[in-house]
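Notes to accompany the following structure.
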Amino acid sequence: MEFETEYLQILKKLENIEVKNYQKTRNYLDGEVSFLSPYITHGVLPLKFVADFVIRKFGLKGPGNAEHFIFQLGWHEYFQKIWLDIGDKVLSPVKNPQKSVESLLIGKNLLEAKTGINVIDDSILNLYKNGYMHNHARMWTASIICNLHKTGFKAPADWLFYHLLDGDIASNYLSWQWVAGTFSSKKYLCNQENLNKYSKCKQFNTPIDKSYEEIAEMVDDPNYCLDLGQRVELELPVYIPDLPKLNLDLTGLKVSLFSIWTLDPNFAVDDESQKILLIEPGFLTKFKMSEKRINFILNLAKNIPGIEILVMDYDQFDLEFALKCTQVSAKFHPACSHWTNVDFTEADYIFPDINPPFRSYFDFWNKAKKYLEKEYAKTK
Ligand SMILES: Cc1cc2nc3c(=O)[nH]c(=O)nc-3n(C[C@H](O)[C@H](O)[C@H](O)COP(=O)(O)OP(=O)(O)OC[C@H]3O[C@@H](n4cnc5c(N)ncnc54)[C@H](O)[C@@H]3O)c2cc1C
């Protein structure tokens with residue numbers, strides 16, 4: 001599985017999307033999922049763009065409709081809006097403390113894809129190779145690490161974020177919290193039978209080849225901890241692209257500023273502005289990303305004609321460039337909240353008027369559904 005970076009190919013991927021069997025099959029590792037997440041995360045395919053396309057193609061209601069797909073897509077927007085609302089608090093327990101944590105360090109066997117649970121090991125190897133892990137595999141992996149290996153969610157969430165091409169601060173950290181029970185009313189549990197069913201594998205006699213009642217007892221038993229080898233400090237090298245220094249003079253120019261989260265080739269496409277992608281070392285030091293991910297981002301940026309790439313924090317850009325430009329405009333993303341002196345265009349949300357606080361995803365979705373029905377009333 002390879003993730004294309006050329007815009008026309010990405011659009012083709014969207015055009016070829018099928019949702020008829022999505023709800024029925026999405027939990028299976030070979031189910032009908034879209035693989036659009038790296039493009040959605042990086043803003044190449046804005047949420048509203050994807051939703052509009054899918055609803056126009058399949059209709060909101062009726063057999064094989066788009067509603068369940070939009071229900072899942074909505075999670076991305078929901079998480080983004082919570083992040084915007086609570087900021088860095090997404091990195092620590094949001095609702096409840098994480099119970100029964102034995103350590104903040106991760107077992108070496110997990111990092112080396114040697115847990116002995118084949119589906120998990122294969123999913124980790126695939127993550128290292130392709131930068132992708134199926135949603136169900138993410139849930140299983142997170143549950144095994146947090147709830148049975150009894151590890152604080154932050155380090156493993158950093159690890160997954162580092163390797164994913166779709167790593168999104170809000171979706172990643174809040175999903176880990178959802179599994180670990182710190183952003184939900186209870187921990188998410190899984191067993192070997194569930195893994196076997198949805199991966200179509202047949203593995204038995206693993207430490208998780210138990211009933212759900214037994215798994216729940218293991219989770220609650222303070223003396224139980226799944227052995228995943230020696231616990232080690234997570235060592236993720238910071239990767240900051242080393243690009244040639246640009247001799248840019250932006251005096252008197254109109255600039256369209258892109259972040260790594262807003263790489264939409266259609267943004268400001270018809271104006272004469274100088275397009276600049278700002279890659280902020282401060283961000284990449286705090287939220288480390290693999291070299292593969294950074295190269296993926298640099299390739300996605302090539303879809304924006306005439307774009308120049310600056311590797312500097314916003315403060316420096318502001319001092320050196322922003323004040324000399326006639327205007328700096330950008331599409332908003334929660335990760336760019338610190339960009340001052342910028343005229344923001346609103347993010348392309350599907351549900352622009354639905355904002356926190358939300359009691360739960362269903363609270364968000366109930367409002368979102370009504371909005372959808374009104375907004376897309378005329379689609380078949
Ligand atoms: C522990 C954990 C960590 C995760 N980390 C991320 C992350 O860093 N970035 C990320 O985009 N998703 C994350 N997810 C959510 C989900 O796993 C991925 O969005 C999904 O697997 C992407 O594959 P797809 O595009 O084929 O999904 P599809 O099933 O085709 O869904 C279409 C789109 O809807 C959105 N979506 C679907 N399900 C979810 C969900 N549960 N949460 C948020 N958005 C969703 C995504 O944008 C996705 O591309 C995480 C889930 C878990 C359990």
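Numbering of ligands and ligand atoms starts at 1, following listing order. Counting from 1, the numbers follow the sequence of the chain as shown.
Residue pairs meeting the ring-ring contact (aromatic ring centres under 6.0 Å, His included) criterion with at least one member in residues 209-245: none, sequence neighbours excluded.
Of the candidates Gln72, His68, Gln177, Glu32, the one placing a heavy atom closest to atom 39 (C) of ligand 1 is Gln72. Of the candidates Thr41, Asn172, Val179, Val50, Thr41 brings a heavy atom nearest to atom 11 (O) of ligand 1. When the heavy-atom distances from atom 30 (O) of ligand 1 to Ser37, Ser34, Pro38 are ranked, the shortest goes to Ser34. Taking all heavy atoms of Gln80, Met139, Met133 into account, the minimum distance to atom 53 (C) of ligand 1 is reached by Met139.
With ligand atoms numbered from 1 in the order given, ligand 1 contributes 8 (O) to contacts under 4.0 Å with heavy atoms of Leu164. Contact atoms of ligand 1 toward Leu160: 3 (C) (distance under 4.0 Å to a heavy atom of the residue). The distance from ligand 1 to the heavy atoms of Ile40 drops below 4.0 Å at these ligand atoms: 47 (O), 49 (O). Those atoms of ligand 1 that come under 4.0 Å of a heavy atom in Gly167, given as number and element, are 8 (O). Those atoms of ligand 1 that come under 4.0 Å of a heavy atom in Phe69, given as number and element, are 30 (O), 32 (C). Annotation for ligand 1: atoms under 4.0 Å from non-hydrogen atoms of Leu73 are 33 (C), 34 (O), 35 (C).
A salt bridge is defined here as a Lys NZ or Arg NE, NH1 or NH2 lying under 4.0 Å from an Asp or Glu carboxylate O, and Asp271 with Lys275 meets this definition. A salt bridge is absent between Lys197 and Glu193: the closest approach of a Lys/Arg side-chain nitrogen to an acidic carboxylate oxygen does not fall below 4.0 angstrom.
Using modelled atom types and a 3.5 Å distance limit, the side chains of Trp339 and Asp318 yield no donor-acceptor pair. A side-chain N or O of Asp166 and one of Ser37 form a donor-acceptor pair less than 3.5 Å apart. Counted by atom type alone, Asp121 and Thr115 present one or more donor-acceptor pairs between their side chains at under 3.5 Å. Judged purely by distance below 3.5 Å, without hydrogens or angles, the side chains of Ser123 and Arg138 never pair a donor atom with an acceptor atom.
The shortest separation from a heavy atom of Phe35 to ligand 1 is under 4.0 Å, placing the residue in contact.
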Next item on the list: For Phe53 and Phe49, run ring-ring contact (aromatic ring centres under 6.0 Å, His included): C-alpha distance rounded to whole Å, both residues' side-chain angles, the deciding distance at 0.1 Å, then the answer.
Entry: CA-CA 6 Å; Phe53 179 85; Phe49 184 81; 7.5 Å; no
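Looking at ligand 1, you'll find an N or O of Tyr22 within less than 3.5 Å of one of its N or O atoms. Residue-to-ligand polar distances keep Arg26 apart from ligand 1: every N/O pair is separated by 3.5 Å or more. Residue Ser175 has no N or O atom closer than 3.5 Å to an N or O atom of ligand 1.
The distance between the ring centers of Phe79 and Trp83 does not fall below 6.0 angstrom.
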